[in-house]
A.B. asks: 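After the C-alpha cells below, expect a handful of questions from me.
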There are 2 protein chains.
Amino acid sequence: MILIKEKLSSQGYRMTKPRQAIFANLDHEPQSVAEISDRLKKQKIKIDKVTIYRTLTQFVKLGIVEETQFKDKISVYELADQEHHHHVICDNCGKIEDICLDEKILVAAAKKNSSFKIKSHHLEFFGLCKKCC
Amino acid sequence: MILIKEKLSSQGYRMTKPRQAIFANLDHEPQSVAEISDRLKKQKIKIDKVTIYRTLTQFVKLGIVEETQFKDKISVYELADQEHHHHVICDNCGKIEDICLDEKILVAAAKKNSSFKIKSHHLEFFGLCKKCC
DNA sequence: GGTATTATTGCAATTGAGTTGCAATAAGTC
DNA sequence: GACTTATTGCAACTCAATTGCAATAATACC
C-alpha cells in the first residue's frame, strides 16, 4: 500500500470507499474518467462520475495523480509515482505508449530563449502504432 | 494576398465573404473561436460562430491554419505559413508567446526509442510571464 | 448578363466533458 | 454512541463544439 491515506489525512481529508476504489483502479497508463467509470462498473462498484472527477482533481492536487490532455480534449489520468516521461499517441486507434526522453537540453534552451519564468512543459508525440502502420 | 483562393478552388471550394473576413482576422498569434468572433463583431461583420468553426476546420485541412489545444481545452488557431515553433503560456494570465527551438535531436531520440512511426509532436511550455512574475 | 447547380451559411437543437448547488450520508473525533 | 464536518450522489447547469436543414449565395454554363 502507498502513503495515500496519510497524504489525505495530513490535509484534513478522509479516506473513503470511493476514493479507495478509484485509487485501486488507477494505473501507469493514462485513463479517461469514462474508462475508470467503466472499470468500476464491471467490478459492480457504483460510484458517480462526479465523484470520480472530484477525487481525481484532489489526487492531482496531492500529487498522487497526473493529468494530461490530448488532441480530442478529454483529460486522462495516471499514477504520478513514476519517472517523468512522455507519451506517444496513435493517430489512428488512439493507443498510448510511454516514452522516456531526456529533454533537459531543450528545456534549458527554452528558458534561455524566453522572457517567461518557465515552470513546466508538455511534450507528446503522434504517429502510428505497430498495428496501424 | 496569399494563395488562399486558389487553394480553395483547386479543391472545389468557394471563396466567400465570411471566409475572406475570417482569413483576414487570422494571425500569427493563436486565437480562439470566441476571440475571432469578437474581432469580427467589432468590425460589424456578422458571422455565425458555426461558420467560424467550419471555416477553420477547412483551413486546417488545407494547411492554411494550425490548430492547437492548451490546458483549458479550448482550441486556438493561427496562420500556418510560418516556421515551426512552440508556445510559452502564462499559468496566471494565459498570455501566449512564441518560442523557436531546435528539437531535432529530441524527435530523433523519440523515433529511436519508440515502436511507433512518429509523424508529429506537440511541445508547449508553461510558466509566468514578465508581468505575472 | 441571366439562370441552373451546388457549396455555403445561419439558425435551432444537440452532444458530451466537466462543474455546481444542495440535501443525504458516512468518516473521523470526543 | 453521539457530534461535527467532509464527502457523496443526484439533478441541473455550463460551455465548447457538432449536426440537420431550409435559406442563401458563389461559380458554371448558356
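Quick caveat, the model's predicted, so the values are computed rather than measured. In what follows, chains are A, B, ... by sequence order, proteins preceding strands, each numbered from 1.
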A.B. asks: Is the distance from OP1 or OP2 of dA26(D) to the nearest side-chain N or O of K5(B) less than 4.0 Å?
C.D. replies: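 So the side chain of K5(B) is outside the cut-off, no N or O lying under 4.0 Å from OP1 or OP2 of dA26(D).
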A.B. asks: Please classify the nucleic acid contact of S75(B) as base, sugar-phosphate, or nothing, using heavy-atom distances under 4.0 Å.
C.D. replies: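 Counting heavy atoms under 4.0 Å across all strands, the contact made by S75(B) is with sugar-phosphate only.
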A.B. asks: Could you tell me how far apart L8(B) (CG) and dA28(D) (P) are, to the nearest whole angstrom?
C.D. replies: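 About 13 Å, once rounded to whole Å.
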A.B. asks: Reading DNA chain C from 5' onward, which residue's closest nucleotide shows up sooner: V50(B) or M15(B)?
C.D. replies: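 It is M15(B) whose nearest nucleotide is closer to the 5' end.
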A.B. asks: Would you mind reading off the bend of the helix from dG1(C)-dC30(D) to dC30(C)-dG1(D) from its two end axes, five pairs each, to 10 degrees?
C.D. replies: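 Rounded value for the end-axis angle: 30°.
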A.B. asks: Using the ring-ring contact (aromatic ring centres under 6.0 Å, His included) rule, collect all pairs that involve residues 87-114 of chain A, keeping only residues at least two apart or in two chains.
C.D. replies: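 Listed once each, the pairs are F70(A)-H87(A), H85(A)-H87(A).
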A.B. asks: Does the S9(A) side chain pair with the main chain of K5(A), one donor and one acceptor, at a distance under 3.5 Å?
C.D. replies: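 Checking the backbone N and O of K5(A) against the side chain of S9(A), a donor-acceptor pair under 3.5 Å is found.
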A.B. asks: Look at the side chain of R14(A) and the base of dT5(D), then say whether one donor and one acceptor between them are separated by less than 3.5 Å.
C.D. replies: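 Side chain to base: pair found, below 3.5 Å.
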A.B. asks: If only side-chain N and O atoms of T51(B) are considered, is one of them under 4.0 Å from the OP1 or OP2 phosphate oxygen of dG10(C)?
C.D. replies: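 The answer is yes; a side-chain N or O of T51(B) sits under 4.0 Å from OP1 or OP2.
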A.B. asks: Can you tell me how far C1' of dT7(D) sits from CG of L56(A), to the nearest Å?
C.D. replies: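 To the nearest whole Å, that distance equals 15 Å.
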A.B. asks: Are I99(B) and V76(B) connected into the same hydrophobic cluster when the rule is that any two of I, L, V, M, F, W, Y join if their side-chain heavy atoms are below 4.5 Å apart?
C.D. replies: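 No: no chain of side-chain contacts under 4.5 Å links V76(B) to I99(B).
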A.B. asks: Go through the N and O atoms of the side chain of R54(A) and the base of dG9(D), and report whether any donor-acceptor pair is under 3.5 Å.
C.D. replies: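 Pair found.
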A.B. asks: Between E103(A) and H84(A), is any side-chain donor less than 3.5 angstrom from a side-chain acceptor?
C.D. replies: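 Side-chain D/A pair, E103(A) to H84(A): present.
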A.B. asks: With respect to the phosphate group of dT8(D), does any side-chain polar atom (N or O) of K49(A) fall under 4.0 Å of OP1 or OP2?
C.D. replies: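 Looking at the OP1 and OP2 atoms of dT8(D), neither is under 4.0 Å from any side-chain N or O of K49(A).
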A.B. asks: Could you please spell out the steps behind the side chain to side chain contact (heavy atoms under 4.5 Å, CB included) verdict for K95(A) and K131(A)?
C.D. replies: CA-CA 10 Å; K95(A) 184 175 159 52; K131(A) 274 188 193 167; over 6 Å; no
A.B. asks: Kindly say if T16(B) contacts the phosphate of dT9(C), meaning a side-chain N or O under 4.0 Å from OP1 or OP2.
C.D. replies: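 Yes, because at least one side-chain N or O of T16(B) sits under 4.0 Å from OP1 or OP2 of dT9(C).
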A.B. asks: Using whole Å, what does the distance between atom P of nucleotide dT25(C) and atom CD1 of I47(A) come to?
C.D. replies: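 Going from CD1 in I47(A) over to P in dT25(C) covers 18 Å.
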A.B. asks: Just how far, in rounded Å, is C1' of dA16(D) from CD1 of I52(B)?
C.D. replies: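 Taking atom C1' of dA16(D) as the reference, CD1 of I52(B) is at 13 Å.
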A.B. asks: To the nearest angstrom, how far is D48(A) atom CG from dT25(C) atom P?
C.D. replies: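 These atoms are roughly 15 Å apart.
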A.B. asks: Could you walk me through whether Q82(B) and D98(B) satisfy the side-chain hydrogen bond (donor to acceptor under 3.5 Å, both in side chains) test, starting with their C-alpha distance in whole Å, then the side-chain angles of each, then the deciding distance to 0.1 Å, before giving a yes or no?
C.D. replies: CA-CA 11 Å; Q82(B) 52 188 328; D98(B) 289 348; 5.8 Å; no
A.B. asks: Does a side-chain N or O of Y53(A) approach OP1 or OP2 of dG18(C) to a distance below 4.0 Å, or not?
C.D. replies: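 So the side-chain polar atoms of Y53(A) do come within 4.0 Å of the phosphate oxygens OP1 or OP2 of dG18(C), strictly under.
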A.B. asks: How close or far is atom P of dT8(C) from atom CD of Q11(B), stated in whole angstroms?
C.D. replies: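 Whole-Å distance recorded here is 11 Å.
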A.B. asks: Distance check needed: dA17(D) C1' versus E67(B) CD, whole Å only.
C.D. replies: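 Computing the E67(B):CD to dA17(D):C1' distance gives 10 Å.
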A.B. asks: Hey, does R19(B) reach any base, or is it just sugar-phosphate, or nothing, if we go heavy atoms under 4.0 Å?
C.D. replies: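 Sugar-phosphate, backbone atoms only, no base.
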A.B. asks: Please check if the number of heavy atoms outside K7(A) that lie under 6.0 Å from its NZ is greater than 12.
C.D. replies: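 For K7(A), atom NZ is crowded (more than 12 foreign heavy atoms under 6.0 Å).
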A.B. asks: For V33(B), run the side-chain contact (heavy atoms from CB on, under 4.5 Å) check against L56(B), D38(B), I74(B) and tell me which one passes.
C.D. replies: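 When side-chain contact (heavy atoms from CB on, under 4.5 Å) is applied between V33(B) and each of L56(B), D38(B), I74(B), only L56(B) qualifies.
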A.B. asks: Could you state the CD1-P distance from I74(B) to dT18(D), rounded to the nearest angstrom?
C.D. replies: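 That distance rounds to 13 Å.
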